[in-house]
Visitor: 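Sending over a structure as structure tokens; questions will come in a sec.
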Amino acid sequence: MKSVIDFLNILLPFAYTATFSIYFYDFMKGGKKLTNSKRLFLFLTLILHSIYLVIRIIAFNHPPITNVFEIFTVLAFSVSFAYFILELLTDIRNTGPFIIIISIIFQAISSLFIEDLVEVKEILRSNLLGSHVFSALIGYAGITISAVYGLLYLILYKEIKLNKFGIVFNQLPSLEVLETLSFYSAVIGFFMLTIAIVVGVIWLPTAFPDFSYADPKLIGTSIVWILYGLGIASKLFGNWRGRKVILFSIIGYILAILSTLLSNFLAQSFHSFY
Amino acid sequence: MNLLSLSISHHTAPVELREALHLNNEEIKTFIEQAKGKLFNEGLILSTCNRTEIYGIPSDPNINHSVVQSFILGLKPVPEIKSEIFKNYFSFDAVKHLFGVITGIDSLLIGDNQIYHQVKDSMRYVEELKFTGFLTQKLFDAAIKTGKRAINETEISEGAVTVSYAAVQLIEKIFSNLSKKSALVIGAGETGEIAAKHLREKLIGRLTITNRTFEKGQLLAESLQARIIPFENFKSSLHEFDIIISATSSENLLLTKDEIRAIMKKRNFADLVITDIAIPRNIDPESKEIDYVFYHDIDSLNIIVEQNLTKRRAQIPRVEKIIDEELKSFFDWYHSLEVAPTIKSIRDHFENIRLAEVEKNKNKFSSEDQEKLEIVTKRIVNKILHQPTVELKKLTEGENNHDETAAKVGIIREIFGIDNASSKEEK
């Protein structure tokens with residue numbers, strides 16, 4: 001089983017890169033030739049990734065959320081899986097390369113540094129922790145996709161304003177669609193982050209004796225959550241639209257990444273496991 | 001194949017001459033009535049704003065391109081016409097030219113699939129006038145198949161290649177669902193009319209027209225089930241529109257940047273697409289600096305048109321490959337109409353039927369009778385085929401018209417289902 005895990009760990013970044021290459025090639029060539037085969041490739045990569053995650057859980061007897069590199073592989077999976085569902089629901093197939101590249105980055109880092117942890121703290125085997133982390137990860141996948149679509153919106157907006165009618169103009173869906181995709185992804189992300197925070201705030205003080213509301217990860221996530229909440233509320237109730245809301249999403253995402261990095265690698269607290 | 005073709009198109013003649021030789025349906029009808037039997041037995045006449053084309057199978061071997069030219073000019077006298085403006089094709093080249101026309105690679109706007117429908121309509125019209133025969137019918141089927149393949153298997157017809165359509169393509173890059181949007185077209189001239197029609201085709205939610213001459217605008221609005229607003233006060237309701245297309249002949253600016261900014265404030269900065277396809281321009285080009293205003297004039301739309309034309313030109317080799325395949329298939333069929341191979345095919349066809357029946361029933365006979373069964377069934381088949389074989393051989397004797405022979409042979413092949421049977425065997 002160990003050798004299968006090692007093999008899949010090496011294979012996955014290549015599988016994502018191959019899927020990305022097909023999506024990218026199709027994007028550059030007009031998005032028609034490989035319409036169905038690229039989706040099949042993504043599907044097969046996700047199947048491989050699911051097998052990898054399941055085998056890891058069985059082999060090491062804990063969910064793959066005990067350190068940042070395990071979390072990265074789950075995040076790589078969540079982002080591409082969320083995109084796959086989005087592609088099936090909307091039939092918008094040309095934005096794949098911009099999302100799958102995120103999975104490549106997360107998976108490559110994970111594959112390089114991940115270790116086979118058999119002994120983990122007992123607290124990390126808790127089901128409540130599982131729901132806390134998984135909802136946070138789906139939330140992060142949501143805001144990642146929201147930020148990517150937001151960025152694509154800004155690029156297309158600029159191209160149209162500047163009369164540049166190149167590949168971006170021809171291949172991307174309309175501004176309205178990009179804005180909608182970005183917004184709905186942010187709403188899903190926000191909702192899942194809310195669940196993660198609620199579960200965390202209820203459960204963490206009982207699980208960790210050294211729990212503190214001054215924990216950097218807690219503060220960082222709360223700021224990100226407030227920012228997304230404001231962005232969503234301004235669109236729903238304040239009639240905000242277009243670039244203003246998109247900028248909220250992109251800034252929120254940058255903050256989320258910074259807060260994760262800082263709280264995991266620099267600030268040591270009860271909330272750091274690696 | 002004895003097919004003659006004459007073509008007058010944008011390649012050979014200026015618009016005045018093309019107009020002078022354009023044939024409307026009434027004139028085509030007269031042409032056919034006068035030409036049938038004397039000039040051609042069957043054929044096709046195609047006349048659009050960019051080309052007039054005559055295809056036909058001559059009723060007499062002495063009929064050539066110059067006879068047909070004189071016939072056309074007799075019907076539509078145009079003194080300044082010289083014979084050079086007619087491009088002449090014969091046999092294989094004539095078929096190839098027709099396939100080129102229907103696929104749009106010979107069009108002024110490459111890949112214009114309107115020509116596909118025009119050729120189909122012309123085919124239907126000559127059929128109504130009973131100017132088609134066995135050969136032309138097959139030719140039409142092959143041409144339609146070629147046109148369809150070009151549209152479906154290549155990108156020869158993709159992307160906007162007119163300014164008005166490019167404007168709509170651009171609008172669709174901003175709004176995802178035009179049925180929820182409202183548009184104003186300023187100017188009911190030809191350009192405005194085409195733009196309004198494109199919007200209607202794209203199921204725009206609310207279409208409004210305004211024009212300096214109210215009555216003209218009203219006519220266009222009625223034909224497109226659009227709303228009309230008086231030109232004098234159209235500015236007061238501008239904030240209601242998500243799309244403004246301007247195509248008037250006004251010498252001065254109709255809308256300034258400040259006016260557009262005021263509209264945007266009223267719209268709470270919701271996206272506004274402004275397409276100025278007038279020359280000189282009607283709307284201040286500096287409006288593009290305002291946030292959420294997507295201003296485009298004829299120059300920027302021409303960038304889209306040129307890009308799409310370049311893409312279409314790149315598709316020509318793929319279309320030519322389809323044409324070559326369909327030409328081969330058509331002429332394979334045509335050559336199968338020769339007498340000798342047909343006699344062989346009929347004999348093979350009957351022999352196969354005989355063998356199958358003998359095989360199925362031979363166990364009902366004793367071994368001695370099986371031999372007799374072979375002899376008797378062979379004799380029956382030979383006797384049945386004797387007379388048709390003699391008659392077919394007669395077609396090759398004397399001075400029979402080759403296309404007439406081909407037509408007769410084709411009918412025989414169709415009656416016996418020989419081509420269907422051989423294609424089944426191949427499979």
Visitor: Determine, for K180(B) against E176(A), whether the closest basic-nitrogen to carboxylate-oxygen distance falls under 4.0 angstrom.
Guide: no
Visitor: Tell me whether the count of non-hydrogen atoms from other residues, nucleotides or ligands lying under 6.0 Å of OH in Y184(A) goes above 12.
Guide: no
Visitor: Output the residues of residues 149-158 of chain A for which the shortest heavy-atom distance to chain B is under 4.5 Å, in residue-number order; output 'none' if no such residue exists.
Guide: Y153(A), L156(A), Y157(A)
Visitor: Could you list which of residues 96-109 of chain A have a heavy atom closer than 4.5 Å to any heavy atom of chain B, in residue-number order?
Guide: none
Visitor: What part of D291(B) gets closer than 4.5 Å to chain A, counting heavy atoms only: side chain, backbone, both or neither?
Guide: both
Visitor: Pick from H296(B), K311(B), K288(B): which one has the most heavy-atom pairs with chain A under 4.5 Å?
Guide: H296(B)
Visitor: Going by the side chain to side chain donor-acceptor pair (under 3.5 Å) test, which pairs reach into residues 264-273 of chain B, not counting sequence neighbours?
Guide: D242(B)-R267(B)
Visitor: Rounded to the nearest 0.5 Å, how far does OG of S300(B) lie from NZ of K164(A)?
Guide: 14.0 Å
Visitor: When you measure from the side chain of Q307(B) to the backbone N and O of F165(A), does any donor-acceptor pair fall under 3.5 Å?
Guide: yes
Visitor: In terms of heavy-atom pairs under 4.5 Å with chain B, which of V177(A), I160(A), T180(A) leads?
Guide: I160(A)
Visitor: Step through the shown structure and confirm whether more than 12 heavy atoms of other residues, nucleotides or ligands are within 6.0 Å of CG on L40(A).
Guide: yes
Visitor: Give a yes/no verdict on a cation-pi contact between R243(A) and Y292(B), requiring under 6.0 Å between NZ or CZ and the six-membered ring centre and an angle within 45° of the axis.
Guide: yes
Visitor: Give me the atom names and distance for the closest heavy-atom approach of F269(B) to R241(A).
Guide: C-NH1, 4.0 Å
Visitor: For I290(B), is it the side chain, the backbone, both or neither that has a heavy atom under 4.5 Å from a heavy atom of chain A?
Guide: backbone
Visitor: L170(B) versus F169(A): any side-chain heavy-atom pair under 4.5 Å?
Guide: yes
Visitor: Tell me, with the steps shown, if F175(B) and L175(A) meet side chain to side chain contact (heavy atoms under 4.5 Å, CB included).
Guide: CA-CA 7 Å; F175(B) 300 127; L175(A) 283 176; over 6 Å; no
Visitor: I'd like to check the side-chain hydrogen bond (donor to acceptor under 3.5 Å, both in side chains) partners of K257(B); sequence neighbours left out, ordered by chain and number.
Guide: E289(B)
